[in-house]
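In what follows, a single structure is set out as structure tokens and then discussed.
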Amino acid sequence: AADDQKPDKWVKGVCRYCGTGCGVMVGVKNGKAVAIQGDPNNHNAGLLCLKGSLLIPVLNSKERVTQPMVRRKKGGPLEPVSWDEALDLMASKFRHSIDTYGANSVAWYGSGQCLTEESYLANKIFKAGFGTNNVDGNPRLCMASAVGGYTTTFGKDEPMGTYADIDQATCFFIIGSNTSEAHPVLFRRIARRKQVEPGIKIIVADPRRTNTARIADMHVAFRPGTDLAFMHSMAWVIINEELDNPRFWQRYVSFVDAEGKPSDFEGYKAFLENYRPEKVAEICRVPVEQIYSAARAFAESSATMSLWCMGINQRVQGVFANNLIHNLHLLTGQICRPGATPFSLTGQPNACGGVRDTGALSHLLPAGRAIPNPKHRAEMEKLWGLPEGRISPNPGYHTVALFEALGRGDVKCMVICETNPAHTLPNLNKVHKAMSHPESFIVCIEAFPDAVTLQYADLVLAPSFWCERDGVYGCGERRYSLTEKAVDSPGQCRPTVNTLVEFAKRAGVDPKLVNFKNAEDVWNEWRMVAKGTTYDFYGMTRERLRKESGIIWPCPSEDHPGTNLRFVRGHDPLVPADHPDKFFFYGKPDGKPTIFMRPAKGAAEEPDAEYPLYLTSMRVIDHWHTATMTGKVPELLKANPAAFVEINEQDAASLGVKHGDNVILETRRDKMELPARVSDVCRPGLVAVPFFDPKKLVNKLFLDATDPGSREPEYKICAARVRKV
Ligand code: SF4
């Protein structure tokens, strides 16, 4: 910075974008944020990607919601309103709805961008204060299948490894993740290893030849939806070439067959006979050698790390696909050692810490507890000081069902906090109709006035944004880091914790339940609630988080350094020091994670004669989610100004489409005109669209079929057709 712009002080925080959760330092001069740099002491070692390094213009953008606004009549304009009037109106609408139609007529739709304290508090207000489990959020759209995968295989959510494993792995199996564009700082760490250590192997399995695939030793461009068969076939090779690790699986693994019944290794071997490489290569349309080579590299390396993201999770078989990645690690013993681990990447800065861990989803309670479990409900009732039976035993609506309920008029009042569902949900025309229901009352807590969802808001509340308030983010590696308040908010913006406390009191929630003055008070209660559970982070006092650049849980005491290797004796404080085994998977009653025999099935909607192409959703490096933030940065907007459809050269030639031509992209739900980007990125038969552009709501094209376990929608596959305009 020029001398007159040199910051007076640097304040520690976390990047506002992706789940990598890079530590940042915000430079402040005369009360204004003027600079940003990577925190050298956090996991990113001072590195930031382009988006992260351009966060200051977003914070200082003039396009902010700076005061509450009300729409007095459906279809009318949003008008400024005082905080008092806004909160009274909101409280009276919610109270009336609960008193007249029952507690399940109201809902919270949150986000992996909310602070941990905000998600914890909202969860408590709705589940304990109002008595409804209608608490869900956008993590349902991105990582619910990863939660399902960890929970079913290991009995506990969240990865056993950390980003530090990237520095130890000698083989990377990257499937369904375009790490280079979605998690650039982690990709740089992987690419650097590859650059300086020639022995490092990278296998990328993805139907698109992304920038991630371009540094790989092997790119497996399987036909969309056939990755489960591919992974089963890898397991077949591993067993048939005796590359498995019986010493590990005999001691630590249990087997469950396709019907969900207990089985054994012989049963697994017999099941895998359906996935012989020669047959699977035809199904996947990949060279059969790739299956053999990928399996050998995975099993034979000294340490294999799998990384995956939306390509695996956003599927109707998302949980099963997660299970199959875990299968490969359990079969080979590539787990719970430095560099050897399955590791799901996550999309948002606080989906893990804020939503997964606090249980702010419709089927969960805090710290790994589940709504249907009577013991868990009783524990939370005691911790929250509730009468017995207050927490409903029935899970609330998951995201897709929640908006359907809004459309039916069953849910009448909803808070939408720091997320943009009118842009991001699949099958959007249906969602827009639901959000226009004449009896609905939608409150948006949203910092940016151009978020599409505000078009459906009856009330808009102005939140403090990012480093204008303090709070904790939990990134993809179980690391909690504090973002400290660096600057004041503009206009009348308020910290959402204060807004929620005030709303709850006015809506008649017992004041004892929301007796919090600030986020730190909420944090301290949340530490107590998680204490003694397998999510224990009691040792992370606010003071410690201020001093340190993130700590990884479990961290049960103030002198505990945090845990890199989970489930490992001598590392994980939850494994007794005198445990007879080196590894103890305490999430399972018998201490043994499960190899599941999950049959591979197709997508919910496969191409056919009418719609012959696969359509998938993709990311670009310059934008994050719906571009309400990155769209404020001219450099990023210039790099990728608008949506497009990516088409393979062969398909473009047969359609008579040239690069830059406008085409009509059509599915069974809608159609839209987009410019074509012709390249070798998509495999033939596949087209891809990014979803950041608010002027082209491409999610109108996708279907809202969900995984039956995680209820995560299948954004990654549907059937489409393309014609030249
Ligand atoms: Fe921010 Fe993600 Fe970039 Fe890190 S990689 S700077 S968290 S956008």
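All ligand and atom numbering here is 1-based and tracks the order in the structure. Please read these numbers as outputs of a predicted model, since none were measured by experiment.
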(message) Nearest 0.5 angstrom please: Gln314 CD to Met143 CE, how far?
(response)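 It is 11.0 Å, given to the nearest 0.5 Å.
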How would you list, by chain and number, every residue that makes a side-chain contact (heavy atoms from CB on, under 4.5 Å) with [X], sequence neighbours excluded?
X	result
Ala294	Ile203, Met218, Phe230, Met234
Pro641	none
Ala169	Phe172, Met305

(message) I'd like to know whether the aromatic ring centres of His326 and Phe154 sit less than 6.0 Å apart in this structure.
(response)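 Centroid separation for His326 and Phe154: below 6.0 Å.
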(message) Quick check: do Asp536 and Cys555 have side-chain heavy atoms less than 4.5 Å from each other?
(response)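 No. Closest side-chain heavy atoms not under 4.5 Å.
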(request) Give me the protein N, O or S atoms that fall under 2.8 Å of atom 1 (Fe) of ligand 1, sorted by chain and residue number. (result) Cys15 SG
